[in-house]
Structure formats: C-alpha cells, structure tokens
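All remarks here apply to the structure that follows.
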Protein chains: 2
Amino acid sequence: MPKLDFDVITLGHGSGGLLTNKLLDSGVFDLLQNDLLDKRHDGATLSLQGATAFTTDSFVISPIFFPGGNIGELAVNGTVNDLAMCGAIPQYLSLSFIIEEGLRMEDFWKILVSIKFACEAAGVQVVTGDTKVVERGKGDQIFINTTGVGRLHERARIGTDRIRPGDQIIVSDQLATHGIAIMSVRKGLEFETSIESDTRPLHRPVRMLLDNFGPEIHLLRDPTRGGVATVLSEIARDTRLGIDIRQKDIPVAEQVSGACEILGLDPLYVANEGIFLTVADASVADRVVDQLRQDPACRHAAVIGEVVEAHPRQVVLTSGIGGKRVVNMLTGEQLPRIC
Amino acid sequence: MPKLDFDVITLGHGSGGLLTNKLLDSGVFDLLQNDLLDKRHDGATLSLQGATAFTTDSFVISPIFFPGGNIGELAVNGTVNDLAMCGAIPQYLSLSFIIEEGLRMEDFWKILVSIKFACEAAGVQVVTGDTKVVERGKGDQIFINTTGVGRLHERARIGTDRIRPGDQIIVSDQLATHGIAIMSVRKGLEFETSIESDTRPLHRPVRMLLDNFGPEIHLLRDPTRGGVATVLSEIARDTRLGIDIRQKDIPVAEQVSGACEILGLDPLYVANEGIFLTVADASVADRVVDQLRQDPACRHAAVIGEVVEAHPRQVVLTSGIGGKRVVNMLTGEQLPRIC
C-alpha cells in the first residue's frame, strides 16, 4: 500500500475536487494502469468489432471480506462471468465505487489489489471509473458496480430459443459453495475445514466449449442469486418446455451438503459464483463433460438432467430414493446481500 | 403505475428469485421495452461499429426528488452527457439499482418513468440491468449506476493533447444552477421563484458543434462535481499551460448569484448538470457561441477565457474590478451527494 496522509476515506474524497484527485493519484491509477485508463477523461474510447456483449452488476455483498475472497474480485469475476454466459470473450470493464465515509484506506487498497489480480486472471482491463462517497450510515462500507463489454465468440449461438426437447443440462462444478461460505461466516458456524467461496472467472472453460462445440451449446447461465433452481425455472418458463433433473447426479461437496442440512437449506437454491449451467445438444453432452473436467474450475462437471416435452414450464426433480417433486423459483429472500 | 400487491420494496425483491421476477414483470420491462432488453439474458448483445466511447457513473444524490428533476433522469442525463463529452453519439445504457428496503413502489415507479422519458429525449436505450436491495440503514432510498456506450462522432478529435495556447474557453450556459437547486432544498431556503436543477441531455448541442467544427473543437468537459474551477484546474494541470478567465464574462443567473452570496459560495465551485465547457480553436470561437445560442439549452453560451503560455498549470481569474487571483481545485467537500 502506498504511503498516504490519510487513513480513512472521507466525504471530501467523493467531491470530484482535490481530494478525489489525491485519492486516485495515491496509487489507484498506477495499480490499474493501462493505455485506455490513462487518458483520465470522462470515459474511455474503445475499438470494438462485430457483435459485442454488454452487462452490468452492482455488488453489495456483506461482509466485504469473506472466506475465499472479497467484494473486489467478486465484482470483477461476476461481470466477467456474465459476459462469458453471453458467449463473449470479456475485454473491458468500468468500475464504480459507492463508499461509506470511514472506510479504512487499508481495506480499500486490499480490494483494489484484488481487483487488479482478478482483471489479470480474466484478461480484462478497467478502462473507466467513478468514485462516490456517502455519509456514515447511508451505505455499508463499499458497494461496487462493474459493467463489462466483450466480443461475442464467433461460434456462439446462445439463447433460450435454441433449446429443444432432449437437450442435456450440465453443471460445471459443485453447487452451493459461495452461499454456504458467506452464511457460515455470518452465522459464526465452524467446520473442520473452512468452506471457501467459489468466486472465480469462468471465461476459459466457456471459451473452450464454444471453440469445440460452437452452436451445439444452446444456453449458458451462471446460477448466482436464486441458485440452480431459479435459473432452471426461468428456462422452463421462457422455453415453455419441461425440465427433469436427478438429485443423485447433482454434485455438492460433502461439507457443503452437511452445512445445508444443519441450516435447513436446499443446495438448489443457494447462490453460486464459480459454476455455470450449460444446456447442450444431447449428441455432445458427454464430450462437454469430459472437456470441462479437464479444467481445474470444472473438475466435478456432470449431466444433471434434460429438457423434456412433458410437464411444460415445470422443473421436476427425481430424488435420491426415486420420488418426484416440482422445483419452483426461490421465493422470499434466503440470504440477503450474497453478491 | 401498474396495480401491485406490494407497496414497498423488500429484501426479497433483490433475491434474484420469484420476487425479483415479479418486480421486473410488474411493469419495469414493459416501460423500458426494446428489442435488446427483451431477451432477459445476463446481458445484451450490441452491434457496434468503429470507435466506441464507454463511461460509467453512480448516482447517490440526496434528496432523490429535487426541484427540476429526480435521480432517475439525472442518472440518464449524466451518462448521456459523459458520452457526449467524449465526442460520442449516446446509444445504449445499462441501469443498475441499489435500493434500500422500504423504498415506496410509488417513488420507484416515478423514477422509472423519468428514466424512460430521459432515454427517449436522449435517443438511448436501456439494454441490460441489475437490481439489488440492502437492509434499512445500509443504503439511502436508491442509488443508480448507469454505464453507457456510444459511437464516436467521425469528426471528433477530443483530447487535452490537442489544446494550444490561444484556444478559447466557452461555457454553454449559466453556471451553478444544479448545485444551488439542491442546496436550497436541503437548507430550506426560499426564493421568489424556485431555482431548478439544470439536469438535461447535452448530446444535441455537442453533435451540432462536432458536425460544424469537427477538429476545431479540442476538448469537451461537463463541470459537474467540483464545478468549472476544478475542470479548468485539471486542464491546466494536464496541458501544463495556463488559463485566464474573466469573471465579467461568466454567465450566472441573477437568482443563483444571489443565493451563492447568501450561502458564501463561489459559483465557479458549484456543481452543474446541464452545461459543458468547450476548448475551441480561436478561429471558430465566435461562431461556436453563435451556434450554441440557437439551442434552447445553451442560450447563455459565452467565451469566458483562453489558454495561455503564461503561468503554466495555473488558472487565473480577472475579477469584475480588474484584480487577479489564482483559482484552484475544489478542496474538501462543498456539498456532498450532489449527483
């Protein structure tokens, strides 16, 4: 961290005047340095070609530091992943802070460093930004908006309109890790080993799928808030088709599964940050899983179900002992401020 | 406003599940409807050509309803104007809400309607979005992030590196109106007629300047937080040139000027939302002013000073009675949460 003559962020740092410049010049620009950011204008000028994906997310997670990550890398990975889910190669991010006065500069710096490393890992650049400061009690330490643009993969043909009965539903890794990591720290639960958030960029496995299978990949979605159940319910609603899933095939880490039982939660509804769902043509499903498993972020990839003509607009789960039940969207709020 | 079975926004509306869908389907998607938004994916896919400007801003203004506008139109106009200042034609916006639980649905709806009309006025589309809800006391009614993209005007050659000694500094309209409107409502000041914020889109006069004068327009900046003084100080710093301005030529409405005196404020430091600064080649300056004055948003356009080789990195003001003083950046925080 650079040597500064202030320890905490004050309202003046959001004034747009001298203190804002001082804050940014204290090392923020140096840390995130790139040719586009350096112009210090009101915005950046990009050279984009062809179809471009554009997506936004505001991050309000509490606590801002959690097992396995912090709000900074989460904000980068979250938008990188939304771009990937559009079938795009992530390229550029905007970065906007809403800071509560009193945030320790040390914490802000840690978050910035995480942002830097997450950007490097995902191959994206922060090219424009904004900093606002609100009074104590009018925010909660820090909220971050990231908005991203990325070039669409030329073989991507993603959309619910491309889904057909018989398509296979594949999950890229174990469910519910992020939500349980956050909940365990909020509730003060302790496990034999700490459960860590799965926040990570997913652009690499997605790109590999699009390179190899192109239009056979019909849909990509990351089941964050609302979990796998909500995303599948949305797909069933939008396609007017049914979805069957098999509990025995859904990968959940033993410790996470145990925590879910203690907390009375269904892993299907718990938020994720480092997994995605693929709806793929049946002809490639097994090869998709094999390929995914070669990526360290997708070692537990599995086919968990399929799209069917029966029970339109409904998701039906076959339980471990063979019973069937309808899976609806998340109702109410299971765990506020999970991302 | 649509008929709803809820009056206020709750944490569940930010869950990503059923209630989030219900909130969005209550009329939000219908109101902002366009082909790109309708896909309801994690992001939108845009067809962009050539150089593209990209800019972000989070809006935390308090109060959210103020004389002359509200946070919704401010959020649209603010990003539209930042795109215009890059020399771009605004095209698409992302829209991200951070809502404090308890926000009245009626207020949210008013804000949405303002967003819709502001988008229509500026010719932009909201193509992707996000909604988060935080607990009571962890936010302040509503914060809005807008991030925008727009095609660079083919005749735009904007940059501090294009500024030369002799360039003229032009302001598009009267100063300090937005800041004084907000301050008067916060302090409960009353004037003969209400002072209203100047929030408005500036894409049209900017486009007209670029159409007519192209590369003779060297820089465009909107003096929001920190006011005209801070923007001019940044230009002097970045160009390593001096700037002379003349107080007698700086347009300020009489009532705003009176309010500034009462409040002990210098209009040069007060925030604006509906004006911009142009640094133009001396050969076109008078014609720039003539053209601007034909636009209803720029009736008081005026040359207020020029770029000089003397006193590098310093802005010097000649007062009404001929005295000279150095104008620095805004120090501290004059008025928090002005935008």
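Keep in mind it's a predicted model, so treat the numbers as computed, not measured. All chains are named by letter (A, B, ...) in the order of the sequence lines, taking the proteins before the strands, and each is independently numbered beginning at 1.
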Close side-chain approach of [X] to [Y], heavy-atom, < 4.5 Å:
X: A:Lys138; Y: B:Glu100; answer: no
X: A:Thr331; Y: B:Leu19; answer: no
X: A:Val133; Y: B:Arg337; answer: no
X: B:Leu18; Y: A:Asn328; answer: no
X: A:Glu234; Y: B:Asn21; answer: yes

Grab the two heavy atoms, one from [X] and one from [Y], that are nearest each other, plus how far apart they are.
X: B:Thr45; Y: A:Ala51; value: CG2-CB, 4.0 Å
X: A:Gly16; Y: B:Thr230; value: O-CG2, 3.4 Å
X: A:Asp25; Y: B:Arg237; value: OD2-NH1, 4.5 Å
X: A:Pro336; Y: B:Leu11; value: CG-CD1, 4.0 Å

Please identify, among [options], the residue contributing the most non-hydrogen atom pairs under 4.5 Å to chain A.
options: B:Gly12, B:Ala44, B:Gly148, B:Ala53; result: B:Ala44
options: B:Gly159, B:Ser62, B:Gly87, B:Cys86; result: B:Cys86
options: B:Leu48, B:Asp82, B:Leu46; result: B:Leu46
options: B:Leu152, B:Leu335, B:Asn81, B:Asn145; result: B:Asn145
options: B:Thr131, B:Thr10, B:Ile338; result: B:Thr131
options: B:Thr56, B:Val231, B:Asp140, B:Thr128; result: B:Thr56

Between the main-chain N or O of [Y] and the side-chain N or O of [X], is there a donor-acceptor pair closer than 3.5 Å?
X: A:Arg225; Y: B:Gly17; answer: no
X: B:Lys132; Y: A:Val60; answer: no
X: A:Asp130; Y: B:Ser58; answer: yes

Checking heavy atoms, do the side chain of [X], its backbone, both or neither come under 4.5 Å from chain B?
X: A:Val134; result: both
X: A:Ile144; result: neither
X: A:Leu95; result: backbone

Can you say whether the rings of A:Phe54 and B:Phe54 are parallel (under 30°), tilted (30 to 60°) or perpendicular (over 60°)? perpendicular
Residue part contacting chain A, namely of B:Ile235, when any heavy atom lies under 4.5 Å: neither
Taking side chain as everything from C-beta outward and backbone as N, CA, C, O, which of these in B:Asp222 sits under 4.5 Å from a heavy atom of chain A? Side chain, backbone, both or neither. both
With rounding to the nearest 0.5 Å, note down the distance linking OG in A:Ser96 to CZ in B:Phe143. 11.5 Å
Reported CE-to-OG distance for the pair B:Met329 and A:Ser15, which is rounded to 0.5 angstrom: 10.0 Å
